[in-house]
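Source: prediction; values computed, not measured.
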Protein chains: 2
Amino acid sequence: MSQMGYSCLMAVDRERVLRDAAGLLMRKSGATMDEVARAAGISRATLNRQFAGRDALVRALEELGLAECESALERARVDDGPASDAVRRLVRALEPAAGLLAFLYSENQLFEGYGQNEGWARLDARMVALFRRGQEAGEFRIDLSPVWLSEALYGLLVSAAWAVYEGRVASKDFTSNIAELLLGGAVRRTE
Amino acid sequence: MSQMGYSCLMAVDRERVLRDAAGLLMRKSGATMDEVARAAGISRATLNRQFAGRDALVRALEELGLAECESALERARVDDGPASDAVRRLVRALEPAAGLLAFLYSENQLFEGYGQNEGWARLDARMVALFRRGQEAGEFRIDLSPVWLSEALYGLLVSAAWAVYEGRVASKDFTSNIAELLLGGAVRRTE
DNA sequence: TAGATTTGAGACATGAATGTCTCAAATGGG
DNA sequence: CCCATTTGAGACATTCATGTCTCAAATCTA
């Protein structure tokens, strides 16, 4: 029986393993548990000690991704000031989570039918609320629904993460690419 | 020994199987060969007679998707008239292929390292050329690279296909949602 | 109708990934 | 330095998708 001795590294280790796993799964969603373990620098046995099976790992990654998105929403203060600026701050805050999001985006297909995780629904609601606020303030056009705008934001985050990973776009342009396209579109403003 | 009797339905059958497979794999990318067969209304044995293994099926789907995209580029006459209108026509022409594209988009992760299929590179080049033409004609802003614009178009197609499938956005808004967001962005024009 | 071909259902072996277990080595705290 | 805990490497059984094969039924053709 362990004495429940919490050396201060236990939580950190778990977090690091999750991030390494995300880093691999983002670009190879079907990676083996063995590959995940190797990517995290631990053995498969230890990986299975920390996460009871692949499902548990994916669930943990889902929680991590959700937590990061909610943290990003907080840090971006999406309720303050013009909605356009809030979107810009949000995209910037979401950048570190984009890779993980890209993985979860493709993985969620498998979880369909599980009945949407309630956490994502709450997150969605906050994103939708941001775009709705922009519309009601007269900033955003009303012929694009808030739901579509938030879906589009997810899609752009995933494309951009993938494009950066493949070296097709520069990492430094990640935020501006997404925010400028989402807000301003491709057509030149003539005003 | 078969007499190579081509009843005129053979090609059609293969095409229909591919479309049914795409319809399933789009929303469940890890579906079993058995599930694919059932979705196509045939037995697993017959499925394996037409496509020698899962890889062959995915390759065939890739070819189909590529062919549909190239067909869409042709039908949209992307070299004619204003680039904005060309983009609108292109998005409309791509709509039927969006589901298949969504599947291939997530599947291509697995093929990384195979060295990009040359077909997709050619397709990409044509998309990029369209956006470059728009820039050179002064229609599109130059701070968003043509490469990013085409990547963003892929991402929006995937998001939109997924959102329509989940019932979050109306099917009839598919084309306008993508084209209007990609071209005009979320912010209201004040001109 | 008679013959040829294709299909479906199922059995079968194969390979891969998984989860569990054991034991020796490494790590860390007291 | 000693002891408790954790880790890594590997063996092992299990599960599952896959690909192949057979045979009877269905379909098509002449």
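Note on A:S43: every side-chain N or O is 4.0 Å or more away from OP1 and OP2 of D:dA9. Within the 4.0 Å cut-off from OP1 or OP2 of D:dG8, at least one side-chain nitrogen or oxygen of A:T46 is found.
Salt-bridge check for B:D34 with B:R38: passed, with a basic side-chain N closer than 4.0 Å to an acidic carboxylate O. Salt bridge status for B:R19 with B:E68: present, with a side-chain N to carboxylate O gap under 4.0 Å.
Between B:I42 atom CD1 and C:dA9 atom P the separation is 11 Å, expressed in whole Å. Atoms CZ (B:R38) and P (D:dA17) sit 11 Å apart, rounded to a whole Å. Rounded to whole angstrom, the span from the CD atom of B:E35 across to the P atom of D:dT18 amounts to 9 Å. Rounded to whole Å, atom P of C:dT18 lies 10 Å from atom CG of A:L47. Remark: P of C:dG8 and CG of B:N48 are 13 Å apart, rounded to the nearest angstrom. Going from atom CE of B:M33 over to atom P of D:dT20 covers 10 Å, rounded to whole Å. Summarising the geometry, the separation between CZ on A:F51 and C1' on C:dT20 is reported as 18 Å, rounded to the nearest angstrom. Here the P atom of nucleotide D:dT22 and the CZ atom of B:R44 are 16 Å apart, to the nearest Å.
Within 6.0 Å of CD on A:E70 lie more than 12 heavy atoms contributed by other residues, nucleotides or ligands. At most 12 heavy atoms of other shown residues, nucleotides or ligands fall within 6.0 angstrom of atom CZ in B:R92.
Here A:R54 lies in heavy-atom contact (under 4.0 Å) with sugar-phosphate atoms only.
B:R49 contributes a side-chain N or O that forms a donor-acceptor pair with the base of C:dG8 under 3.5 Å.
Along DNA chain C, the nucleotide nearest A:D34 and the nucleotide nearest A:A45 are compared for position; the residue whose nucleotide lies closer to the 5' end is A:D34.
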